[in-house]
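What follows is a short report on a single structure.
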Amino acid sequence: MALPQLTDEQRKAALEKAAAARHARAELREKIKKGEVSLESVLNSDDPIASRMKVSTLIESLPGYGKAKAAKIMDELGISATRRVQGLGVRQREQLLEALTILEALTK
């Protein structure tokens with residue numbers, strides 16, 4: 001499938017839109033890392049930025065979690081590495097919250 005031919009203005013607008021989305025996603029990750037936004041609120045959010053975020057990126061945004069821990073949790077719960085927050089089922093959301101709550105309690 002060939003890519004559509006965009007005018008210079010359309011290309012510029014698309015690049016600006018993508019940059020704005022990356023910036024908003026980075027802000028959300030920072031708020032999660034600082035504890036200003038909870039995992040539960042992101043999982044239950046209707047915000048398109050939050051819902052389009054990869055689950056692995058979301059977990060990695062949590063304080064004390066990196067790529068290895070995120071991959072281990074997702075593997076244990078059977079969540080695909082490419083899954084986005086909006087694609088999680090109700091049971092997967094519950095399992096993710098439960099697993100991270102237990103891990104957080106154990107590290108305190």
Side-chain angles (χ1 to χ4, degrees):
M1 181 168 154
L3 295 174
Q5 295 299 315
L6 301 176
T7 65
D8 288 341
E9 290 128 7
Q10 290 172 325
R11 187 177 190 296
K12 182 179 177 184
L15 289 171
E16 288 173 356
K17 183 178 177 182
R22 283 191 304 273
H23 181 71
R25 197 167 34 255
E27 282 181 356
L28 178 59
R29 290 189 70 189
E30 190 63 31
K31 287 179 181 179
I32 294 167
K33 191 168 286 293
K34 290 181 180 177
E36 296 172 7
V37 177
S38 71
L39 174 67
E40 187 173 7
S41 67
V42 174
L43 290 175
N44 296 324
S45 175
D46 290 337
D47 178 25
I49 297 299
S51 64
R52 291 185 186 129
M53 183 183 287
K54 285 188 176 181
V55 176
S56 58
T57 303
L58 175 60
I59 297 170
E60 291 168 23
S61 300
L62 297 168
Y65 289 88
K67 290 188 182 292
K69 281 185 181 178
K72 182 180 178 193
I73 290 169
M74 291 183 60
D75 187 48
E76 288 173 357
L77 297 177
I79 300 173
S80 169
T82 58
R83 177 75 62 195
R84 297 190 183 270
V85 172
Q86 69 187 1
L88 288 176
V90 174
R91 184 71 185 133
Q92 287 178 318
R93 289 172 193 262
E94 290 171 359
Q95 289 175 330
L96 183 60
L97 279 171
E98 183 179 322
L100 292 173
T101 302
I102 291 170
L103 287 173
E104 186 178 315
L106 291 174
T107 59
K108 285 187 178 180

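Because the structure is a prediction, the values reported are computed rather than measured.
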- Heavy atoms only: give me the nearest I59-Y65 pair and the separation to one decimal. O-CB, 3.3 Å

- Note on the structure: Minimal heavy-atom distance between R93 and N44, with the atoms involved, is NH1-N, 4.2 Å

Quick one: pull up [atom1] in [X] and [atom2] in [Y] and give me the separation to the nearest 0.5 Å.
{"X": "L100", "Y": "S38", "atom1": "CG", "atom2": "OG", "result": "11.5 Å"}
{"X": "R52", "Y": "D47", "atom1": "CZ", "atom2": "CG", "result": "9.0 Å"}
{"X": "K33", "Y": "E60", "atom1": "NZ", "atom2": "CD", "result": "9.0 Å"}
{"X": "S56", "Y": "R84", "atom1": "OG", "atom2": "CZ", "result": "9.0 Å"}
{"X": "K69", "Y": "L62", "atom1": "NZ", "atom2": "CG", "result": "10.5 Å"}
{"X": "M53", "Y": "I32", "atom1": "CE", "atom2": "CD1", "result": "5.0 Å"}

Is there side-chain contact between [X] and [Y], with at least one heavy-atom pair below 4.5 Å?
{"X": "L58", "Y": "L43", "answer": "yes"}
{"X": "L88", "Y": "R83", "answer": "yes"}
{"X": "I73", "Y": "L96", "answer": "yes"}

Taking [atom1] in [X] as the centre, count heavy atoms belonging to other residues, nucleotides or ligands within less than 6.0 Å. Is the count above 12?
{"X": "E9", "atom1": "CD", "answer": "no"}
{"X": "E76", "atom1": "CD", "answer": "yes"}
{"X": "E40", "atom1": "CD", "answer": "no"}

Which atom pairs, donor and acceptor, lie under 3.5 Å between side-chain atoms of residues 12-31 and protein residues at least two apart or in another chain?
residue	atom	partner	partner atom	Å
H23	NE2	E27	OE2	2.8
R29	NE	S61	OG	2.7

